[in-house]
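Start at 1 and go down the list; that is how both ligands and their atoms are numbered. Only a predicted model underlies this, so the values are computations on that prediction, with no experimental measurement involved. Values reported hereafter were calculated over all heavy atoms of this structure, with side chains retained and with hydrogens, waters and symmetry mates removed. The chain is numbered in sequence order, starting from 1.
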Amino acid sequence: MRVAVYPGSFDPVTNGHIDILEKTSKIFDRIVIAVVHNVTKNALFSLDERVELIRESTKHLNNIEVECFSGLLTDYIREKKACAIIRGLRTMTDFEYEMHMSMMNKRLMPEVDTIFIMSDSNYIFVSSSGVKEAAMLGGDVSTLVPAAVKKGLQEKLKQFKQK
Ligand code: ADP
């Protein structure tokens, strides 16, 4: 069984992430999405909310599992008996960062490779931070995120307005 782990902040999951998942779910038998608590990023959605939004948005894929994760990625990969890490690539900026990460992980786990996937050109410019910014200013993000995420963003906007 070929298992891959797709780690990320997913704050929130976008159509770019979903595109990567649709592509990789055909390559691997099982994909574990590891929602990471990133202390350097100011999260809009809680970990539980992010997990729920991904579950809701990946119902059409039958080999996806979603979990929260904190700690060392290498330990998690071994626990899941995964053979690969999935990461998405958009720009050269992504490449630079991802290259360092993958080399570090390769040094720590020589038996595991990072598989890079480019999303469809429609989603190359889509980022969670861009989506959050647009949505919080009242922009229409319907074509950038799954329906559940659009609803979640609208609820957050409502909460902010009430404060
Ligand atoms: P992280 O904090 O780990 O970068 P993200 O949720 O922002 O978490 O991204 C997780 C992974 O998905 C990263 O490899 C990122 O490059 C990739 N990714 C995010 N958005 C897109 C997109 N629109 N197209 C392709 N890959 C993407």
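- Ranking protein heavy atoms by distance to atom 8 (O) of ligand 1, first place goes to S9 N, 2.9 Å.
- Only the side chain of R90 comes within contact range of ligand 1, with a heavy atom under 4.0 Å; no backbone atom does.
- Closest protein heavy atom to atom 7 (O) of ligand 1: K41 NZ, 4.0 Å.
- Residue contacts with ligand 1: S119 is placed with a nitrogen or oxygen under 3.5 Å of a nitrogen or oxygen of the ligand (distance criterion only).
- Between G88 and ligand 1, at least one pair of N/O atoms sits closer than 3.5 Å.
- Distances from atom 6 (O) of ligand 1 to the heavy atoms of Y123, Y6, F10, Y97 show the closest one on F10.
- Ligand 1 has a nitrogen or oxygen under 3.5 angstrom from a nitrogen or oxygen of H17.
- The shortest N or O to N or O distance between V126 and ligand 1 is below 3.5 Å.
- Counting atoms of ligand 1 from 1 in the listed order, those under 4.0 Å from a heavy atom of E98 are 13 (C), 14 (O), 16 (O).
- We find that E155 and K150 are not joined by a salt bridge, their nearest charged nitrogen and carboxylate oxygen being 4.0 Å or further apart.
- Atom CG of residue L108 and atom CE of residue M103 lie 13.5 Å apart, to the nearest 0.5 angstrom.
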side-chain hydrogen bond (donor to acceptor under 3.5 Å, both in side chains) evaluation trace for D48 with S46: CA-CA 5 Å; D48 288 345; S46 70; 5.5 Å; no
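- For ligand 1, the atoms lying closer than 4.0 Å to a non-hydrogen atom of G8 are 3 (O), 8 (O), 10 (C).
- Put simply, the side chain of L53 reaches to within 4.5 Å of the side chain of F45, judged on heavy atoms.
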Salt bridge (charged side-chain N to carboxylate O under 4.0 Å, His left out) assessment of E65 paired with R55: CA-CA 8 Å; E65 212 177 280; R55 286 201 180 124; over 6 Å; no
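- None of V35, V36, D11 except one satisfies the side-chain contact (heavy atoms from CB on, under 4.5 Å) rule with L47; the exception is V35.
- In this structure, the separation between OG on S119 and CZ on R90 is 7.5 Å, given to the nearest 0.5 Å.
- Classification of R78 and E111 as a salt-bridged pair holds, one side-chain N sitting under 4.0 Å from a carboxylate O.
- When each atom of ligand 1 is checked for a heavy atom of G16 under 4.0 Å away, the hits are 22 (C), 23 (N).
- The proximity of I20 to ligand 1, defined as any non-hydrogen pair under 4.0 Å, is limited to the side chain.
- At least one N or O atom of R87, backbone or side chain, sits closer than 3.5 Å to an N or O atom of ligand 1.
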Go through it in stages, so that I can follow the logic: the residues are V126 and N15, the test is side chain to side chain contact (heavy atoms under 4.5 Å, CB included), and I'd like the CA-CA distance, side-chain angles, deciding distance and then a yes or no. CA-CA 8 Å; V126 180; N15 285 345; 5.7 Å; no
